Amino acid sequence: MSNFENIILEQLQDSIYCLTINRPKVLNALNKQTITEMAAAIDIVAEDGSARVLLITGSGEKSFVAGADISQMQTLTALEAKSFSEQALATFRRLELLDIPVIGLVNGFALGGGCELAMSCDFIFAAQNAKFGQPEVGLGVTAGFGGSQRLPRLVGRAMAMEMLVSGRMIDAQEALQRGLVNHVYPQAQLLEEGLNMAKKIVKNGPVAVKLTKELVQRGQDLDLENACAMESSLFGLCFASDEQKEGMSAFLEKRPAKF
Ligand code: HXC
């Protein structure tokens with residue numbers, strides 16, 4: 001699908017897409033071109049009205065994404081570095097605001113920009129060999145793709161601070177215990193488990209799933225009163241859809257819903 005060099009975008013089933021970062025020789029490090037290609041892939045998925053779930057993973061068995069490409073960053077000027085950060089932040093934000101669930105399948109190292117990409121997914125499944133970390137301070141820089149903001153929101157300020165200032169990597173079990181990942185699976189099962197979850201999501205009302213994502217993503221940055229008011233509005237909006245009529249009729253008629 002399309003002429004990408006550094007990523008693969010494929011449809012695993014009609015409505016389930018998988019985006020693979022594909023630079024295994026450098027452990028799938030993210031350079032500028034890779035992020036540009038990711039943005040184009042997100043456009044393709046966003047424009048396909050039948051798309052229902054996006055999976056994101058890395059090529060090979062060693063690494064999800066080992067960070068931003070250090071060889072490309074080494075010689076950046078301050079303004080170029082700021083622009084690189086902004087390009088990735090905008091692309092990752094599009095994943096959060098994409099109107100379908102995005103599942104990160106972390107199949108190895110998720111370091112720096114890789115951890116930040118994983119955290120921009122709606123939730124993460126990890127392989128047993130996954131390792132998460134923000135080692136940027138060891139390179140003399142801060143996090144630049146959202147890690148200093150998303151990590152504290154996911155694991156709490158104190159744990160995030162520990163990881164961000166020490167660069168300590170955590171393994172899949174610790175990531176599970178800290179609430180960074182939802183499940184840990186053997187490497188060979190990771191894609192299958194991601195696909196199984198995607199199939200479960202696809203069985204539900206597509207509009208309800210999209211509105212649920214909007215509520216969670218947009219609601220977390222609002223105060224509780226406004227967030228709950230948004231929930232009432234979107235809940236009410238569901239009653240304007242055929243989906244609500246079919247879902248509730250199917251329950252009362254004791255048959256599976258046809259969405
Ligand atoms: C460029 C990278 C890379 C990276 C690995 N490689 N990570 N190249 N950028 N982020 C390359 C190595 O140079 C090497 O190339 C090849 O991939 C294999 O890596 P090795 O180091 O030989 O593998 P191993 O010894 O198993 O160590 C794995 C590793 C290590 C622990 C993941 O590669 C590592 O520490 N990588 C860097 C991790 C990191 O610091 N990430 C944060 C980047 S900063 P050759 O040619 O030698 O085979 C960041 C900031 C984001 O992400 C914000 C920016 C605005």
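Note that ligands are numbered from 1 as they come in the structure, with each ligand's atoms numbered from 1 the same way. Just so it is clear, the structure is predicted and the values come from calculations on it, not from any experiment.
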So the atoms of ligand 1 within less than 4.0 Å of a heavy atom of G144 turn out to be 53 (C), 55 (C)
Within 4.0 Å of some non-hydrogen atom of G113, the atoms of ligand 1 are 49 (C), 51 (C), 52 (O)
The atoms of ligand 1 lying under 4.0 Å from a heavy atom of E136, numbered in the order shown, are 44 (S), 49 (C), 50 (C), 51 (C)
Salt bridge (Lys or Arg N to Asp or Glu O under 4.0 Å) evaluation trace for E162 with R178 = CA-CA 13 Å; E162 180 187 321; R178 304 277 178 198; 5.6 Å; no
Residue, atom and distance of the protein heavy atom nearest atom 2 (C) of ligand 1 read V26 O, 3.8 Å
Examine ligand 1 and decide if any of its atoms is less than 4.0 Å from a heavy atom belonging to Q72. no
Q | Sub-4.0 Å protein heavy atom near atom 48 (O) of ligand 1 | A | no
Margin query: Can you check atom 30 (C) of ligand 1: any protein non-hydrogen atom closer than 4.0 Å?
Written below: no
With heavy atoms and a 4.0 Å threshold, my read on which part of A29 contacts ligand 1 is side chain
Could you check whether atom 7 (N) of ligand 1 has a protein contact, counting only heavy atoms that fall below 4.0 angstrom?
yes
Heavy-atom closest pair (A51 atom, I100 atom, distance to 0.1 Å) is O-CG2, 3.3 Å
CZ of R218 to CD of E96, rounded to nearest 0.5 Å, is 10.5 Å
If we number the atoms of ligand 1 from 1 as shown, the ones under 4.0 Å from a heavy atom of K25 are 16 (C), 17 (O)
Is it true that Q173 and Q177 share a donor-acceptor pair across their side chains at a distance under 3.5 Å? no
(message) Please determine whether any non-hydrogen atom of K131 lies less than 4.0 Å from an atom of ligand 1.
(response) no
Shortest non-hydrogen pair, S120 vs F92, comes out as OG-CB, 3.3 Å
Would you say that more than 12 heavy atoms from the other residues, nucleotides or ligands in this model lie under 6.0 Å from the CD of Q220, or not? yes
task = For atom 41 (N) of ligand 1, decide whether some protein heavy-atom distance is shorter than 4.0 Å.
result = yes
**OP:** State if K62 counts as touching ligand 1 under the rule of any non-hydrogen atom under 4.0 Å.
**Re:** yes
Nearest non-hydrogen contact to atom 9 (N) of ligand 1 from the set V141, I35, I70, L111 belongs to I70
Discussion item. Pair R255, E246 - check salt bridge (Lys or Arg N to Asp or Glu O under 4.0 Å), show working.
Written reply: CA-CA 10 Å; R255 61 172 176 82; E246 168 60 11; 2.8 Å; yes
Within the 4.0 Å heavy-atom cut-off, what P135 brings close to ligand 1 is side chain
*asked:* Would E116 count as a polar contact of ligand 1, with the cut-off being nitrogen or oxygen pairs under 3.5 Å?
replied: no
Q. Can you find a protein heavy atom under 4.0 Å from atom 12 (C) of ligand 1?
A. no
Flag atom 17 (O) of ligand 1 as yes if some protein heavy-atom distance to it falls below 4.0 Å, otherwise no.
yes
query: Any donor-acceptor pair under 3.5 Å linking the side chain of E243 with the backbone of A208?
result: yes
Ligand 1 to A66, heavy atom cutoff 4.0 Å, flagged ligand atoms 7 (N), 10 (N), 37 (C), 38 (C), 39 (C), 41 (N), 42 (C)
Sub-4.0 Å protein heavy atom next to atom 34 (C) of ligand 1 = no
Q.
Would you say E214 and Q217 are linked by a side-chain donor-acceptor pair, where the criterion is simply a distance under 3.5 Å?
A. no
Review point. Any N or O on M73 sitting closer than 3.5 Å to an N or O of ligand 1?
Key: no
- Are T36 and Q87 linked by a side-chain donor-acceptor pair shorter than 3.5 Å? yes
Note: ligand 1 atoms sitting under 4.0 Å from heavy atoms of L139 are 40 (O), 43 (C), 44 (S)
Between N22 and F4, is any pair of side-chain heavy atoms under 4.5 Å apart? no
Mind running salt bridge (Lys or Arg N to Asp or Glu O under 4.0 Å) on K32 and D69 for me, showing each step along the way? CA-CA 8 Å; K32 210 169 162 36; D69 190 320; over 6 Å; no
Next on the checklist: Geometry only, no angles: is F145 polar-contacting ligand 1 at N/O separations under 3.5 Å?
Outcome noted: no
re atom 20 (P) of ligand 1, the protein heavy-atom contact at minimum distance is L27 CD1, 4.6 Å
Between Q134 and A143 the two heavy atoms that sit nearest each other are NE2-CB, 4.1 Å
dist E193:CD -> F125:CZ (nearest 0.5 Å) comes out at 7.5 Å
In this structure, CZ of F64 is separated from OG1 of T20 (nearest 0.5 Å) by 10.0 Å
Within a distance of under 4.0 Å, is there any protein heavy atom near atom 25 (O) of ligand 1?
no
